[in-house]
Amino acid sequence: MTLAEILAGLFPQGHSVTVRDGLVTGAGRFADGTLHVVGVDGDTPLGVDGALVLSRAVLDAVRAGDKAPILVVVDSDSQRMSRRDELLGLNECLAHLAKALLLADRSGHPTIGLIYGHSAAGAFIATALATRILAALPGANPSVMDLPSVAKVTKLPLDKLQEMAKSTPVFAPGLDNMVATGAVHVVLDPGKPLDGQIRDLIANLKPGDDRDRLGEERGGRPVARGIGAAVIAQAGRG
Amino acid sequence: MESLTFRHTTKKPLPGSVPNAITGVVASGNLEILLERVLPPDACEVAIETPIAGYGAVWEAVVADFVARAQPGGLRISINDGGARPDTVSLRLLQGARLMEA
Amino acid sequence: MTEWRAERQARDARIQAGRAHADGKVVPAGSVIDLLEAVLRPGDRVCLEGDNQKQADCLARGLAACDPGKIHDLHMVQSGIVLPEHLDVFETGIAKRLDYSYSGPQGARIAKMLYGGQIQLGAVHTYLELFARYFVDLTPHVALIAGVSADRDGNLYTGPNTEDTPTVVEATAFKNGVVIAQVNQIVDTVPRVDIPGDRIDFVVEADTPFYVEPLFTRDPAAMTETQILIAMMAIKGIYAEYGIRRLNHGIGFGTAAIELLLPTYGEKLGLKGQICTHWALNPHPTLIPAIESGWVKQVHCFGSEVGMDRYIRARPDIFFTGADGSLRSNRAFCQTAGLYACDMFIGATLQIDLMGHSSTITQSRVAGFGGAPNMGSDPHGRRHPSDAWMKAGREGQIVGDPALMRGRKLVVQLVETFGEKLVPTFVETLDALELAKKIGLELAPVMIYADDVTHIVTEEGIANLLLCRDADEREQAIRGVAGYTDVGRGRDRAKVEELRARGVIRRPEDLGIEPLDADRALLAAKSIKELVHWSGGLYEPPAKFRNW
Amino acid sequence: MAGVRPASTDPDALSWYEATARQRVVALADPGTFQEFLPPTERRMSPHLPLFDLPRAFDDGIVVGRAALDGKTVLVAAQEGRFMGGAFGEIHGAKLVGLLRAALTLKPAAVLILFDTGGVRLQEANAGETAIAETMRAIIDVRAAGIPVIGLIGGRAGCYGGGGLIAGTCSRLAASEGGRISVSGPEVIETNKGAEEFDSRDRALVWRTMGGKHRRLIGGADAFCADSVSAFRKAALDLIGRAPAFDLATLEAEQARLESRLARFGDCRDATDVWARLGVNDPEAVPAMDTRAFDETVSRVREADHDAR
């Protein structure tokens with residue numbers, strides 16, 4: 001699904017969402033109110049400049065105080081890899097964007113991630129993974145690193161990694177594996193109207209972070225939830 | 001990964017009452033050693049996990065020398081090896097025993 | 001009638017042919033190939049200056065680009081095979097025969113080319129030995145050398161890395177040879193004259209400054225507890241025991257650890273002024289804390305080290321410097337100093353066999369030895385006594401008239417029982433022997449022969465081979481410090497304990513050293529940055545060693 | 001663990017850069033007060049590393065627990081940069097997440113995170129990445145509850161990848177010269193964009209661009225420490241006392257601060273250009289400055305101190 005198709009599905013009555021340099025901002029009429037949209041389109045890497053454009057849009061929405069939901073649409077590259085970005089504090093800018101989304105969530109704005117293309121590493125963490133609930137469309141391709149690069153770093157043969165990837169979701173790229181770890185909550189049905197599915201997600205938002213529970217249930221992160229719970233239990237023992 | 005376990009009988013227990021200690025870090029050419037005072041006072045067990053296969057005889061010799069020297073009775077010693085050289089292993093084992101004696 | 005001036009006339013003809021590409025003596029970088037093709041003749045002996053550090057790289061590139069139809073079958077006589085071009089010339093046929101000393105970075109390729117027959121090898125020499133042959137039977141027809149700057153008359157400033165240059169020029173210029181120097185810069189007046197202009201025939205202004213490798217910088221951050229333990233044993237069990245004042249160090253981490261322990265551990269032992277006062281040594285950055293703490297009286301250098309220039313300029317009481325203030329090194333003199341004026345050589349090696357023969361050559365690499373065999377040998381021509389030398393002599397003397405006893409140089413091998421990737425240092429048979437067979441060398445490339453070695457220090461202890469009375473004792477003394485290698489585990493335990501009782505083998509506890517005290521906190525500097533602090537900001541480490 | 005007695009526990013003598021995670025924690029805390037959760041004796045080791053034939057660590061490369069700092073209870077997490085580059089694996093990340101969530105009920109005086117990480121552990125990449133996202137959310141929850149989260153950065157592995165993003169989420173950061181904070185590592189940039197973009201072997205460039213001094217000067221870190229445990233302890237105590245709130249005003253201020261940074265320095269090629277514009281007299285001299293001289297330099301740079309985080 002393209003961004004245009006997504007927007008058309010969400011906003012049959014039209015919208016003000018624009019894409020500039022791969023950065024998505026705007027809003028549209030949704031249900032009985034507004035749906036803010038921010039994000040990255042076209043496999044664009046996210047650098048310091050883009051992160052601040054998006055965070056600006058999120059903070060504007062929070063300041064407006066309408067508690068309207070914010071949809072974070074993502075088809076991005078990884079973070080922009082450059083000397084300039086790191087010199088200017090890419091870590092601060094990406095973290096700032098994530099904080100803006102987390103603040104919005106805390107301030108009563110339901111935040112929903114929608115990954116419909118690629119995303120990786122820092123760009124993924126600062127956008128889609130900083131939402132309350134992350135949905136994906138079939139064909140989305142989130143990853144930390146592609147397998148050839150993993151092969152290079154781990155010095156393991158690519159064919160062996162490909163074989164391992166089939167049975168071990170914890171390291172392999174791809175949507176199924178991100179679903180299994182609990183990072184992606186739900187995969188939407190492209191055959192059904194998108195607006196209804198998003199509306200249902202918003203209506204059923206639950207408090208707390210349940211990604212480790214999902215990871216345990218789906219088998220992609222077998223031990224994380226238990227470990228976290230054990231730390232809490234031991235910390236509570238005084 | 002290769003797993004090795006060596007069991008020894010010692011003439012005496014390791015002095016001190018520290019229940020457990022850990023020393024070293026799993027890194028290239030290094031290792032971590034976890035020592036626990038959980039065995040009968042004349043027993044010592046050393047269990048090793050190493051990524052480098054084929055050095056069983058060297059490990060056996062290093063452990064035997066350590067046991068003869070430190071008399072670590074009562075200790076279960078668990079090693080996560082990152083490819084450490086035998087001299088590093090010896091040094092860490094002695095460091096660990098010293099921590100337990102304190 | 002006998003012709004007595006044929007060489008001189010040939011030389012004049014070469015120079016005249018070269019002048020066509022020069023303005024006076026000065027040749028632009030772009031004309032190097034023309035110049036070389038004009039001056040060189042097939043079959044010439046050529047010294048392409050490849051030192052331990054300084055490289056005549058512009059001239060090397062030029063030589064490699066010459067037309068093999070015009071220039072071929074050269075006989076290369078040079079101490080270092082360092083740059084790829086040094087071997088490229090053998091692939092194209094420009095060169096055929098080789099006599100050299102050291103080939104660190106090209107060690108693997110040289111082995112392959114020797115095996116493939118592309119190189120006809122004369123011999124792998126020590127530095128001093130090769131220099132000696134420059135004056136006897138390997139005198140260069142043409143020398144291609146490197147310096148920092150020259151004036152238009154050819155007066156040459158080598159910079160702190162004088163290294164081999166005076167020796168090469170001496171042998172070439174005074175025996176009808178042609179000397180071509182590449183310099184980074186042509187200047188009106190050189191800072192100091194290292195080589196007078198009448199010994200230089202052509203000066204090439206190089207396109208880029210000549211390459212220098214920081215070979216002697218050891219990052220204290222990488223030093224291990226094991227290396228520190230070995231260093232403690234060496235200081236207490238050898239330096240203090242023999243009162244070593246005049247010495248040479250190898251370039252490994254073990255000796256660097258010793259340098260860093262002098263102001264801490266050595267100070268605690270009260271050894272300041274008693275040991276390590278006079279050195280034949282490159283300006284090792286790790287020696288800075290000892291120098292700053294007043295341990296070191298003076299240091300003569302083979303070459304320089306990248307980043308040490310400002311520090312050396314500020315310490316003329318310690319180093320040999322020119323009127324311009326910069327270091328004057330000289331490999332031939334410093335090797336001689338190491339051979340005759342030092343009581344001890346201490347360094348590392350890759351393999352030691354059951355008798356104590358050692359080599360840095362493995363089956364796939366012919367690295368050469370540089371100066372180690374010089375410094376690591378007992379010079380039978382020495383005629384001046386010192387306490388250390390005499391004590392070693394007494395220990396080693398088994399039979400004979402005590403009145404005719406002479407001293408003995410200490411030659412110490414400082415090794416960890418296992419090297420990188422758990423490769424054992426102690427072996428039954430040196431790989432060098434296998435390699436010699438494979439490529440048909442008449443003389444196996446042994447770095448230090450067993451009869452020159454006096455001590456072996458490992459993390460397990462010190463073996464004093466001077467005290468061994470027969471081959472069996474010697475073997476067990478070596479096995480007795482060989483740790484958990486196959487050689488070490490193959491020891492005769494009873495014999496080893498007997499040797500220990502006699503002090504032939506000494507363990508850390510025999511020396512009063514607790515292995516668990518071998519802590520990095522003992523290092524006078526734990527990082528390159530701390531070396532910079534010790535130097536008062538004068539040491540300027542190369543970028544790859546920085547972490548700030 | 002009661003038995004943990006590192007070779008050196010003297011916080012003045014112990015180099016942060018050289019110390020292990022466990023040594024840092026023990027020496028940082030009031031003597032004898034550190035109490036570890038899921039200690040090595042529990043052997044909570046990675047279920048995934050054996051598939052890659054890689055050795056595991058008893059604590060999966062992170063030490064978490066409770067300690068007293070000047071008598072006040074704090075929760076502490078310390079990454080071990082020498083084990084797998086301190087990278088986030090499933091257990092490693094879950095221990096940090098659990099610790100932060102525990103803070104919500106325990107209400108400690110602060111949570112301290114001793115970063116030493118290259119980012120995500122590739123062998124457990126999806127778990128590590130998700131854990132980083134969970135960590136950031138948990139940090140925000142803790143901050144919003146009025147509990148400062150303080151990051152301390154000065155280890156061998158630096159603070160890279162997702163670790164850099166987590167650091168950017170903390171209330172306050174202290175860094176030493178050895179510490180580096182960045183998203184893409186020098187080798188990653190070089191591999192992807194070429195040595196012309198970033199020569200990873202130029203160590204001075206690495207530290208100028210990502211090191212503690214640069215981060216401190218531009219306001220990316222709130223304190224600069226000498227490389228000792230006692231310096232980090234002092235910085236942590238100071239920073240706990242002046243942590244910014246987490247609210248819209250703070251983030252609006254951070255937005256303005258970062259926008260202004262891009263506007264002022266966006267065309268700079270090198271850190272020295274940035275420092276010159278910040279009003280540093282002799283930018284070239286900054287890398288060689290000792291802590292005292294650097295502190296003086298920082299005190300004249302207005303951008304270095306702020307509550308916009």
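These numbers were taken from a predicted model, which means no experiment stands behind them. Just so it is clear: chains get the letters A, B, ... in the order the sequence lines come, proteins before strands, and each one is counted from 1.
- Salt bridge present: A:Arg80 and A:Asp49 bring a charged side-chain N and a carboxylate O closer than 4.0 Å.
- In this structure, a donor-acceptor pair under 3.5 Å is present between the side chains of A:His36 and A:Asp66.
- Annotation: maximal heavy-atom pairing with chain A below 4.5 Å, among D:Gln123, D:Glu134, D:Glu190, D:Arg143, occurs at D:Glu134.
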**Asked** Do D:Leu38 and A:Ile227 pass the side-chain contact (heavy atoms from CB on, under 4.5 Å) test, and can you show the C-alpha distance, the side-chain angles, and the key distance before you say yes or no?
**Response** CA-CA 8 Å; D:Leu38 306 198; A:Ile227 291 285; 3.8 Å; yes
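- Of the inter-residue distances, the one linking D:Leu99 atom CG with D:Arg66 atom CZ reads 10.0 Å to the nearest 0.5 angstrom.
- Between chain D and the options A:Leu161, A:Ile125, A:Asp105, the largest number of non-hydrogen pairs under 4.5 Å is found for A:Ile125.
- Neither the backbone nor the side chain of A:Pro142 has a heavy atom closer than 4.5 Å to any heavy atom of chain D.
- Across all non-hydrogen atoms, the minimal contact from A:Ser119 to A:Ser76 is OG-OG, 3.0 Å.
- Using a 4.5 Å cut-off between heavy atoms, D:Leu75 does not touch chain A at all.
- Ranked by heavy-atom pairs under 4.5 Å with chain D, the list A:Leu87, A:Leu129, A:Val223 is led by A:Leu87.
- For the pair A:Arg56 and D:Leu258, the minimum side-chain heavy-atom distance is 4.5 Å or more.
- For A:Leu97, no part sits under 4.5 Å from any heavy atom of chain D, backbone or side chain.
- D:Arg216 has no carboxylate O lying under 4.0 Å from a charged side-chain N of D:Asp222, or vice versa, which leaves the two without a salt bridge.
- Looking at A:Ala126, both its backbone and its side chain come within 4.5 Å of chain D, counting heavy atoms on both sides.
- At a 4.5 Å heavy-atom cutoff, the contact between D:Leu51 and chain A is made by backbone and side-chain atoms alike.
- Among D:Met210, D:Met136, D:His92, the residue with the largest count of heavy-atom pairs under 4.5 Å with chain A is D:Met136.
- The contact between A:Thr131 and chain D is made entirely by backbone atoms, counting heavy-atom distances below 4.5 Å.
- The closest side-chain donor-acceptor pair between D:His214 and D:Trp207, if any, does not fall under 3.5 angstrom.
- Interface remark: D:Leu248 contributes backbone and side-chain atoms alike to the contact with chain A (heavy atom separation under 4.5 Å).
- In this structure, the portion of A:Ala130 lying under 4.5 Å from any heavy atom of chain D is its backbone and not its side chain.
- D:Leu49 places a side-chain heavy atom less than 4.5 Å from the side chain of D:Arg121.
- With chain D as partner, the option from A:Leu103, A:Leu94, A:Ile232 having the largest number of non-hydrogen pairs under 4.5 angstrom is A:Leu103.
- Once rounded to the nearest 0.5 Å, the distance linking CZ of A:Arg20 with OG1 of A:Thr25 reads 8.0 Å.
- Ranked by heavy-atom pairs under 4.5 Å with chain A, the first of D:Arg215, D:Glu252, D:Arg208 is D:Glu252.
- Residue contact with chain A, scored on non-hydrogen atoms closer than 4.5 Å, involves the backbone and the side chain of D:Arg137 alike.
- With salt bridges taken as basic N to acidic carboxylate O contacts below 4.0 Å, one links D:Arg257 and D:Glu254.
- Between D:Asp270 and A:Arg83 there is a salt bridge, with a side-chain nitrogen of the basic residue lying less than 4.0 Å from a carboxylate oxygen of the acidic one.
- Taking chain D as the reference chain and counting heavy-atom pairs below 4.5 Å, the highest number among A:Leu90, A:Asp85, A:Asn91 is found for A:Asn91.
- For D:Thr105, no part lies near chain A; criterion is any non-hydrogen pair under 4.5 Å.
- Contact of A:Thr168 with chain D is made through the side chain alone, with heavy-atom distances under 4.5 Å.
- Residues A:His185 and A:Leu214 approach most closely at CD2-CD1, 3.6 Å, considering heavy atoms.
- Of the listed residues D:Asp247, D:Ile189, D:Ile166, the one with more heavy-atom pairs under 4.5 angstrom with chain A than any other is D:Ile189.
- Counting heavy-atom pairs under 4.5 Å between each of A:Gly122, A:Ser78, A:Gly89 and chain D puts A:Gly89 at the top.
- Salt bridge absent: A:Arg221 and D:Glu124 never bring a charged side-chain N and a carboxylate O closer than 4.0 Å.
- Both the backbone and the side chain of D:Phe265 come within less than 4.5 Å of a heavy atom of chain A.
- Side chains of D:Ser182 and A:Glu86: a donor-acceptor N/O pair is present below 3.5 angstrom, by distance only.
- For D:Val97, no part lies under 4.5 angstrom from a heavy atom of chain A.
- The residue among D:Gly266, D:Gly220, D:Gly128, D:Ala102 with the most heavy atom pairs within less than 4.5 Å of chain A is D:Gly266.
- D:Ser46 does not touch chain A: none of its heavy atoms, backbone or side chain, sits under 4.5 Å away.
- At a 4.5 Å heavy-atom cutoff, the contact between D:Lys95 and chain A is made by backbone and side-chain atoms alike.
- Taking chain A as the reference chain and counting heavy-atom pairs below 4.5 Å, the highest number among D:Gly98, D:Ala94, D:Ser184 is found for D:Ser184.
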